[in-house]
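Predicted model, so just to flag it, every value in this text is computed and none were measured.
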Amino acid sequence: MARPAAASTLSIEETGYALFLGLLVVVCLLIAGKAWDAQMAFHASIGAAFAALGVFLIVNAALKRTAFTPLEIDGKPNYNYGPIKFASIAAMFWGIAAFLVGVTIALQLSFPVLNFDLPWTNFGRLRPLHTSAAIFAFGGNVLLATSFYVIQRTCQARMPGIVTPWFVILGYNAFIVIAGTGYLLGVTEAREYAEPEWYADIWLTIVWVVYLLAFLGTIWRRKEPHIYVANWFFLAFIITIAVLHLGNNESVPISIFSSKSVSVFSGVQDAMIQWWYGHNAVGFFLTAGFLGIMYYFVPKRAERPVYSYRLSIVHFWALIFLYIWAGPHHLHYTALPEWASTLGATFSIMLWMPSWGGMINGLMTLSGAWDKLRTDPVLRMLVVSVAFYGMSTFEGPLMSVKAVNSLSHYTDWTIGHVHSGVLGWVGFVSFGALYCLIPWVWGKKGLYSLKLVSWHFWLATIGIVFYICAMWVSGIMEGLMWRAYDKLGFLEYSFIETVAAKHTLYIIRALGGGLFLAGALIMAYNIYMTIRFGEREDSVPAGQPALAAAE
């Protein structure tokens with residue numbers, strides 16, 4: 001039990017963060033005053049406002065505090081659920097924003113007049129906003145919330161620090177705001193999945209290092225000697241994304257007062273680094289991190305142990321060693337040496353084994369509990385996500401084979417593939433995890449309505465099927481039209497003819513996205529009602545569900 005402290009006492013940690021953020025306010029104001037462009041002045045002002053708010057929150061919390069929060073209460077860990085609650089709500093907010101922008105740009109491709117001839121509403125700016133909001137804003141907040149929850153529960157220890165967990169959550173969302181507004185204002189490095197400019201990259205690096213330290217600090221103070229496999233995947237995700245971020249975003253700003261920077265790489269080297277990053281952002285952000293979610297929430301919801309713990313360890317090491325080399329398969333038939341792209345394709349095909357091993361492990365965890373799928377739509381959502389994971393990790397290696405890639409690359413087939421993974425695997429496992437997490441951290445007996453979860457499941461599933469089937473048909477048709485020649489050896493179809501041929505399929509895609517968005521809106525309502533009116537859990541302390549096998 002921590003000793004009582006005076007109301008106005010700041011800990012060393014709080015003092016350090018307050019001084020750092022105070023210094024950041026001064027630096028941001030200086031840059032805003034001397035900025036070379038309006039975008040830099042705007043972002044520096046936002047940075048100053050966020051930093052000043054951080055100082056206020058730290059000092060205000062210290063002034064109101066009468067004692068430091070104990071690490072344990074009656075010998076049991078006193079888990080820190082505050083940052084998890086914020087990240088869960090932020091995930092839903094950013095998710096709905098991302099899906100809404102996605103539907104908007106899908107409609108723009110069907111009806112270009114919806115670009116409105118405005119720079120900040122055209123497809124070129126909204127598209128990176130959509131991808132980053134879906135992956136990093138929605139997916140990133142889900143990963144922050146679940147990793148902070150799982151690491152505490154499986155280690156039986158409270159996260160270290162008073163400010164540190166909040167700095168990670170709020171700092172990450174500040175990065176999202178700066179990145180998102182930057183896209184709308186035309187501030188971009190034009191790197192797939194890594195568009196934010198140099199100053200946003202530096203801020204994210206600081207936040208990510210603190211995230212790693214918070215995660216490792218919880219492991220360090222653990223009461224449970226065993227480190228559960230979900231935490232292996234979370235740790236691999238955190239470390240590898242840090243390495244990828246530092247490698248891919250090596251750029252030199254033309255001035256500290258300018259929003260523009262120049263990459264240190266050029267030509268084919270730049271392309272190679274970009275897709276080493278791009279594919280492994282998929283591999284370690286959208287795969288390894290969410291596999292950590294699968295390995296905790298599927299057994300927990302099914303109330304069954306992991307089918308094979310040994311297989312989960314093999315899955316982990318095989319995935320980690322193989323995935324990192326698969327990126328060059330994005331560069332078939334380019335200036336990249338053929339041996340490099342062939343090596344990437346080879347590792348992609350080898351990834352079938354660990355990927356399907358993980359899928360089988362997730363699905364077989366339901367052995368003896370398959371009947372729960374009839375009555376529990378949350379578990380159904382988690383299980384279907386694993387099925388989509390298996391499908392996507394079969395299709396990806398298939399598309400890396402040169403003969404297939406020559407047809408699929410640069411077509412809508414790739415778009416369909418990406419969305420079957422992001423909507424089906426990442427989306428569904430995220431929804432399922434949040435449906436589990438919300439009642440647990442708010443101390444509720446259950447969700448407000450399982451019937452609404454079922455509505456969400458079916459709307460989203462039908463929406464995904466519409467979307468990916470339309471893109472599969474569109475992409476294969478597009479590829480075949482591009483390679484069609486007439487008797488004289490000329491191209492049989494012009495580019496605009498391929499665009500016109502896809503119009504109906506693009507409308508179907510927009511319809512599928514609309515259904516997926518409708519499901520997310522139902523989920524937001526269900527979560528709000530759960531938090532606001534859900535029945536409290538009385539059998540265990542608020543926010544502390546009974547232990548599962550993994551704990």
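A cation-pi contact, defined as under 6.0 Å to the ring centre and within 45° of the axis, is absent between R191 and Y277.
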Stepwise salt bridge (charged side-chain N to carboxylate O under 4.0 Å, His left out) check, R65 with E14: CA-CA 13 Å; R65 184 177 57 228; E14 290 171 309; 2.8 Å; yes

Check against salt bridge (charged side-chain N to carboxylate O under 4.0 Å, His left out), R158 and E72: CA-CA 8 Å; R158 182 182 175 90; E72 295 182 352; over 6 Å; no

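The main-chain N or O of H245 is found under 3.5 Å from a side-chain atom of N249 such that the two form a donor-acceptor pair. Checked by atom type and distance alone, the side chain of E303 never pairs as donor or acceptor with a backbone atom of K300 at under 3.5 Å. Judged by distance alone, the side chain of Y81 and the main-chain N or O of W440 form no donor-acceptor pair under 3.5 Å. Judged by distance alone, the side chain of S367 and the main-chain N or O of M364 form a donor-acceptor pair under 3.5 Å.
In this structure H43 satisfies the ring-ring contact (aromatic ring centres under 6.0 Å, His included) test together with Y199, sequence neighbours excluded. Every residue two or more places apart in sequence or in another chain that forms a ring-ring contact (aromatic ring centres under 6.0 Å, His included) with W208 is listed here: Y211, F237.
With rounding to the nearest 0.5 Å, the separation of CE in M92 from CG in N526 is 10.0 Å. Taken from CE in M359 to CG in L291, the straight-line distance is 12.0 Å, to the nearest 0.5 Å. In this structure, OG on S11 lies 5.0 Å from CZ on F68, to the nearest 0.5 angstrom. Rounded to the nearest 0.5 Å, atoms CD (E192) and CD (Q274) are 6.5 Å apart.
Counting only heavy atoms from C-beta outward, the side chains of V25 and L29 approach each other to under 4.5 Å.
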Side chains of residues 319-329: which donor-acceptor pairs under 3.5 Å do they make with residues two or more places apart or in other chains?
unit_1, atom_1, unit_2, atom_2, d
W325, NE1, F321, O, 3.2
H329, ND1, A326, O, 2.8
H329, ND1, S348, OG, 2.6

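Using a 30° and 60° split on the angle between ring planes, H315 and F233 fall in the tilted class, from 30° to 60°. Aromatic ring pairs are classed by plane angle as parallel below 30°, tilted from 30° to 60° and perpendicular above 60°; the pair F138 and F431 is tilted.
For the ring pair (Phe, Tyr, Trp, His ring centres under 6.0 Å) with F167, the lone residue among Y172, Y17, F50 that qualifies is Y17.
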